[in-house]
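Side-chain atoms are counted along with the backbone in the values below, which use heavy atoms only and exclude waters and symmetry mates. Labels below follow one simple rule: chain letters A, B, ... track the order of the sequence lines, proteins then strands, and each chain is numbered from 1. In this text the structure is predicted, and so the values were computed from the model without any measurement.
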2 protein chains.
Amino acid sequence: MFSNSPVIILVQPQLAENIGMTARAMMNCGLYDLRLVSPRENHLSPKAVSASSGADKILEKAEVYTSTEAAIADLQKIYATTARRRDMIKQVATADFAAEQITSAAANGTRCGILFGPERTGLHNDDVCLADSIIEIPLNPEHCSLNLSQAVLLVGYEWFKRQIQSPASQMVTNKTTLADKQKVLQFLKHFEDKLDNCGNFRICEKRERMVINLRNIFTRNELTEQELNTLYGIINYLDNK
Amino acid sequence: MFSNSPVIILVQPQLAENIGMTARAMMNCGLYDLRLVSPRENHLSPKAVSASSGADKILEKAEVYTSTEAAIADLQKIYATTARRRDMIKQVATADFAAEQITSAAANGTRCGILFGPERTGLHNDDVCLADSIIEIPLNPEHCSLNLSQAVLLVGYEWFKRQIQSPASQMVTNKTTLADKQKVLQFLKHFEDKLDNCGNFRICEKRERMVINLRNIFTRNELTEQELNTLYGIINYLDNK
């Protein structure tokens, strides 16, 4: 899907289910390259495959190594994820910043990998010191323990966001289109005329304020042509009654 | 922990385990206000409590409603999370943008809520149309199905990031301090002198390039005073041999 995406490396994962859930989280984020260092359980067991809910391709392609050194040998930049601070002198980045760095590095052809430790203990210091940088996911310090696959999901999600261009916020109108301003103003004029005719705007000094309120209500919500027609229909129906 | 944090509303969740895992994800993200609309299983069952791994306070405080309308009644701005596009004319925001909006709205005193649908189907259109806006988490379109608690985690994570000031990237030196440039340059001078003395820089025309390389190596990695001492020790040991 994306070229030169980072490799996810699980160091001594304990449970097959967590390997499967990690594969699922990776697929959610467009990541396909999984490596396992001495997993305790078989990553192709029915438990793992079932937990991957459809991401079994990733499990089948996963490579197993007997040491972290071997698993990172062909890579050029390594990140270690940790939940607690270590007595180690090292760059510590948020998942956000690391995703930005990995994306830039990958664009320069650098092959990156991200280490995740065993469920119970997290990465050993022996593994952390192999990494160029540490990733610390910003979470509630009073409760920052994450399931292994959730840690992969958050880091993967930050990476995925940078591979795609999704508009931060958009008005989704499906098959209809937003009305142009002429149509919106015509509708407002029509509505105001009807209200004038039926005597709603009797109190002259209040008319101006009410018109402004109405215009604010209907210009705030990006009406489509279809919706304008719905509103015309209602007003005309009420008028005929 | 944070005032006016958004309310997480699970509409007809099916599994007690998922309610528990949602509570855990909420606590990870500093969210404490959980509401449940007609849950199929008891949110205080041992299954739910065990899955919450320590976030049972959130389960105990959770409020149960019989309709989405009742669950959102006292709130002012509602977001609906959906994985697939609906035939509905509505603002669609990324989790990122929505988190920004919720944070701004909350600062103005607006009480926000976020709806999450049942595991199997997601939110019904009847619930989506109650929301001011839709949140669509940007994920691999070929595999975007998330576990309920993972959806809560990603939205909560984006929100939490905005409540704290965590430095994007920092050099963590624990009890030691980064060496000032004078100390680094002194060390480099010492190293170069030793190399001169032992004849490493015999070929004159190569000396300049080698010195530049060495300086780049040792200025690139933000050495601490302690680390400089380690390097001095090694050089002096080798020199004495």
Checking [X] against chain A: side chain, backbone, both or neither under 4.5 Å from a heavy atom?
| X | result |
| --- | --- |
| Leu31(B) | neither |
| Glu100(B) | neither |
| Asn174(B) | side chain |
| Glu227(B) | side chain |
| Ser145(B) | both |

Return the option, out of [options], with the maximum number of heavy-atom pairs under 4.5 Å with chain A.
| options | value |
| --- | --- |
| Ala93(B), Ala98(B), Gly54(B), Ser133(B) | Ala93(B) |
| Pro138(B), Pro141(B), Ser53(B), Ala25(B) | Pro138(B) |
| Ile134(B), Ile137(B), Leu146(B) | Leu146(B) |
| Asp87(B), Thr176(B), Leu139(B) | Leu139(B) |
| Ile135(B), Thr94(B), Asp96(B), Val172(B) | Val172(B) |

Exercise. Please list, chain by chain and in numerical order, all residues satisfying side-chain hydrogen bond (donor to acceptor under 3.5 Å, both in side chains) with Asn221(B), sequence neighbours excluded.
Key: none
As an exercise, state the distance from [atom1] of [X] to [atom2] of [Y], rounded to the nearest 0.5 Å.
| X | Y | atom1 | atom2 | result |
| --- | --- | --- | --- | --- |
| Arg24(A) | Asn147(B) | CZ | CG | 6.0 Å |
| Thr173(B) | Gln91(A) | OG1 | CD | 11.0 Å |
| Cys29(B) | Asn140(A) | SG | CG | 8.0 Å |

Practice problem: Considering only heavy atoms and a distance below 4.5 Å, find which of Glu136(A), Met88(A), Lys175(A) pairs most often with chain B. | Solution: Met88(A)
Self-check item: Contacts with chain B made by residues 148-170 of chain A (heavy-atom distance under 4.5 Å), listed by residue number
Solution: Ser149(A), Gln150(A), Leu153(A), Leu154(A), Tyr157(A), Glu158(A), Phe160(A), Lys161(A), Ile164(A), Ser166(A), Pro167(A), Ala168(A), Ser169(A), Gln170(A)
Exercise. Taking atom NZ of Lys47(A) as the centre, report whether more than 12 heavy atoms of other residues, nucleotides or ligands fall under 6.0 Å from it.
Key: no
Quiz item: At their closest point, which heavy atom of Asn28(B) faces which heavy atom of His143(A), and how far apart are they?
Solution: ND2-O, 2.6 Å
Self-check item: Region of Gln226(A) in contact with chain B, defined by heavy-atom distances below 4.5 Å
Solution: side chain
